[in-house]
Structure formats: structure tokens, C-alpha cells
*Asks:* 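Could you have a look at this structure, given as C-alpha cells, before my questions?
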Amino acid sequence: MPPLPELPPVHRVPAFADNYIWLFEYEPGTVAAVDPGDAAPVLAFVERRGLAISHILNTHWHPDHVGGNRAIKAASGCTVVGPAREADRIPGIDRAVDAGDGVMLGAHEARVLFVGGHTAGHIAYHVPSARALFSGDTLFAMGCGRLFEGTPDDMFQSLARLAALPPETRVFCAHEYTLANACFAVTVEPGNAALAARYAAVQEARRRNEPTVPFALAEELATNPFVRAGSPARLGEIRRAKDAFQPA
Ligand SMILES: [Zn+2]
């Protein structure tokens with residue numbers, strides 16, 4: 001048997017208070033930057049590591065995801081890919097994509113999934129060959145994005161679409177919201193042993209100042225109350241409760 005191919009590296013660049021910008025090194029020395037809200041930390045990282053940026057992949061128009069587009073494009077000449085339904089709000093966009101489209105990154109294909117709800121045109125990028133999902137602000141560890149431009153039904157469908165991906169998929173979301181999400185999730189599912197164990201592990205990781213992203217999609221199927229809501233109405237109830245939640 002040939003050895004399993006090694007997964008390409010995905011580099012984490014922290015930005016602002018709790019954003020993660022992901023640099024997918026799809027071939028040695030070349031990266032696609034996912035949701036670069038800030039150019040400076042990205043350009044410093046690639047300079048230090050001798051990496052070239054070939055693409056920006058945006059999931060939605062929020063400034064903390066697209067704010068670095070123009071400066072990174074000017075510095076690298078990269079191609080900016082973003083959601084077709086929000087194309088007019090994506091700075092420097094070269095290619096507008098929607099559900100069913102694919103973005104070739106060397107030998108890897110990033111497949112575009114429509115996941116509206118947080119914003120009306122939000123997309124995610126699934127790279128099956130890298131077992132990677134870039135979920136933006138739609139799916140978080142034990143949480144989901146706020147419904148700024150969509151309905152509970154929109155988010156229900158979006159999460160169902162993501163939950164149907166292979167469970168071993170590694171989820172690269174755009175924020176370190178895990179601890180706050182876990183703190184709320186245990187109030188929704190107090191009897192969920194897997195969730196209680198994950199909450200404890202996350203508290204420990206954050207105490208040591210370690211990141212909790214990426215994580216396996218399988219963990220969400222077992223512990224994420226939004227993924228597990230069962231109906232749009234229930235998801236809406238949980239979302240409203242989370243929006244009003246004040247941790248003890
Ligand atoms: Zn957002």
C-alpha cells in the first residue's frame with residue numbers, strides 16, 4: 001500500500017481580537033488566503049516564511065473578512081474570489097462564485113457551497129482533497145453565525161449542507177468563539193456527555209492560550225446545538241437565546 005498523502009499545511013494568522021485568517025498552502029510555497037480582514041499580519045507572515053499568495057478566498061462581505069483584500073492584491077497580484085451574491089461588496093473581486101463552482105488551487109479543488117444566513121450571500125469553501133472546510137462565519141465550534149441578513153430557515157439549510165460533508169472534515173472557521181459558544185451550548189444540552197467533555201477540554205485549552213480551531217466536523221455533529229437543532233424553528237429559538245446569553 002502506498003503511504004497516505006500528507007495533508008497540505010493550513011497556516012493560522014490571528015487578526016483583530018479573535019479572527020483567524022487561514023493560509024492554505026496548496027502547493028509548497030504558494031498559499032490561498034481565506035478572509036484576510038487585515039493585510040498587515042498576512043503580508044508579514046508570508047514575508048517571514050517566503051510564501052507567495054496566489055488567491056484570496058472570501059466567504060462574505062463583512063469588513064473583518066475582506067478589509068485586507070486591496071492591499072494584499074496590490075502586494076501580490078493575487079486573484080480575489082468571492083461570493084457572487086455579494087460581489088458588489090467584495091473589494092477587488094476578480095471572480096464571483098456561487099454554489100456548484102470550483103476554484104482550482106494546484107491539484108486541489110475548492111468547491112463552493114452556498115450557506116446564507118449570517119449574510120445573504122455567504123459561501124463556504126470545501127476542499128475534499130485536503131479534508132478542509134473554510135466555513136467563514138457560518139459554522140463555529142459549538143456555534144453558528146448571527147443571523148444578520150437571513151432567517152433561521154436559511155441557517156438551518158446552510159448547517160445541514162455543511163453537516164452532510166464527511167465527518168473527518170477539518171473545519172477552519174474565522175473566529176475563536178469556542179469557549180463562549182461552549183459555555184452557552186451546555187445550557188441548551190445539559191445532558192450531553194460529549195458536549196460536557198468538550199467544554200472541559202476547551203476550557204483547559206484556552207487557559208493555556210491554545211487555539212481550538214480547526215476541529216473535526218464529527219465533533220459538531222455530537223456537540224453543536226445549532227447543528228443538532230432538528231428544525232428551523234428550534235434553531236431560531238436557540239439563536240435568540242444565544243444572542244441574549246450572558247455567561248455567568
Ligand atoms: Zn461576519
Side-chain angles (χ1 to χ4, degrees), residues 10 12-24 32-42 55-72 80-93 96-99 110 112-126 132-162 171-181 184-185 211-215 220 224-227 235-236 238-240 242-245:
V10 181
R12 174 191 298 101
V13 179
F16 309 119
D18 51 30
N19 282 68
Y20 290 135
I21 299 165
W22 300 106
L23 303 183
F24 172 39
V34 183
D35 282 349
D38 192 4
V42 172
H55 294 76
I56 287 171
L57 304 179
N58 290 132
T59 62
H60 67 296
W61 67 268
H62 284 162
D64 63 317
H65 296 252
V66 304
N69 278 18
R70 287 197 191 280
I72 292 171
V80 179
V81 181
R85 303 176 210 211
E86 300 178 356
D88 56 337
R89 304 176 89 170
I90 305 294
I93 191 165
V97 293
D98 207 341
V112 178
L113 300 164
F114 175 66
V115 288
H118 176 68
T119 62
H122 199 305
I123 57 174
Y125 298 90
H126 177 224
L133 170 69
F134 299 99
S135 63
D137 286 357
T138 296
L139 174 64
F140 296 120
M142 294 169 277
C144 74
R146 281 177 184 258
L147 297 175
F148 289 120
E149 300 176 4
T151 64
D153 192 54
D154 294 330
M155 183 57 82
F156 183 81
Q157 291 181 41
S158 296
L159 292 179
R161 209 161 280 143
L162 299 181
V171 182
F172 296 85
C173 61
H175 290 276
E176 179 61 66
Y177 286 163
T178 307
L179 184 56
N181 285 343
F184 170 73
T212 63
V213 188
F215 46 88
E220 299 316 299
N224 186 320
F226 298 94
V227 170
L235 186 149
I238 300 171
R239 187 62 259 176
R240 281 190 295 278
K242 173 68 168 70
D243 291 347
F245 182 68

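Start at 1 and go down the list; that is how both ligands and their atoms are numbered.
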*Asks:* Taking the Zn ion (ligand 1) as the reference point, name the nearest N/O/S atom of His62.
*Replies:*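 Minimum-distance N/O/S atom of His62 relative to the Zn ion (ligand 1) is ND1.
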*Asks:* Examine His118 and say whether one of its N/O/S atoms is closer to the Zn ion (ligand 1) than 2.8 Å.
*Replies:*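 Yes, His118 qualifies, because one of its backbone or side-chain N, O or S atoms lies under 2.8 Å.
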*Asks:* So Met155 and Thr138, do their side chains get closer than 4.5 Å, heavy atoms only?
*Replies:*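 Sidechains of Met155 and Thr138: in contact.
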*Asks:* For a side-chain hydrogen bond (donor to acceptor under 3.5 Å, both in side chains) with His65, tell me which candidate from Asp137, Thr119, Asp38, Asn58 qualifies.
*Replies:*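 In the set Asp137, Thr119, Asp38, Asn58, the residue that makes a side-chain hydrogen bond (donor to acceptor under 3.5 Å, both in side chains) with His65 is Asp137.
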*Asks:* Quick check: do Leu147 and Pro152 have side-chain heavy atoms less than 4.5 Å from each other?
*Replies:*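 The answer is yes, as the side chains (C-beta and beyond) meet within the 4.5 Å cut-off.
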*Asks:* Just give me the atom name: the N, O or S atom of Asp137 closest to the Zn ion (ligand 1).
*Replies:*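 So the atom name we want here is OD2.
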*Asks:* Quickly, which of Phe134, Phe24, Phe140, Tyr20 forms a ring-ring contact (aromatic ring centres under 6.0 Å, His included) with Phe172? Name it, please.
*Replies:*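 Single ring-ring contact (aromatic ring centres under 6.0 Å, His included) partner of Phe172 among Phe134, Phe24, Phe140, Tyr20: Phe134.
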*Asks:* So, of the N/O/S atoms that His60 has, which is the nearest one to the Zn ion (ligand 1)?
*Replies:*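 The nearest such atom is NE2.
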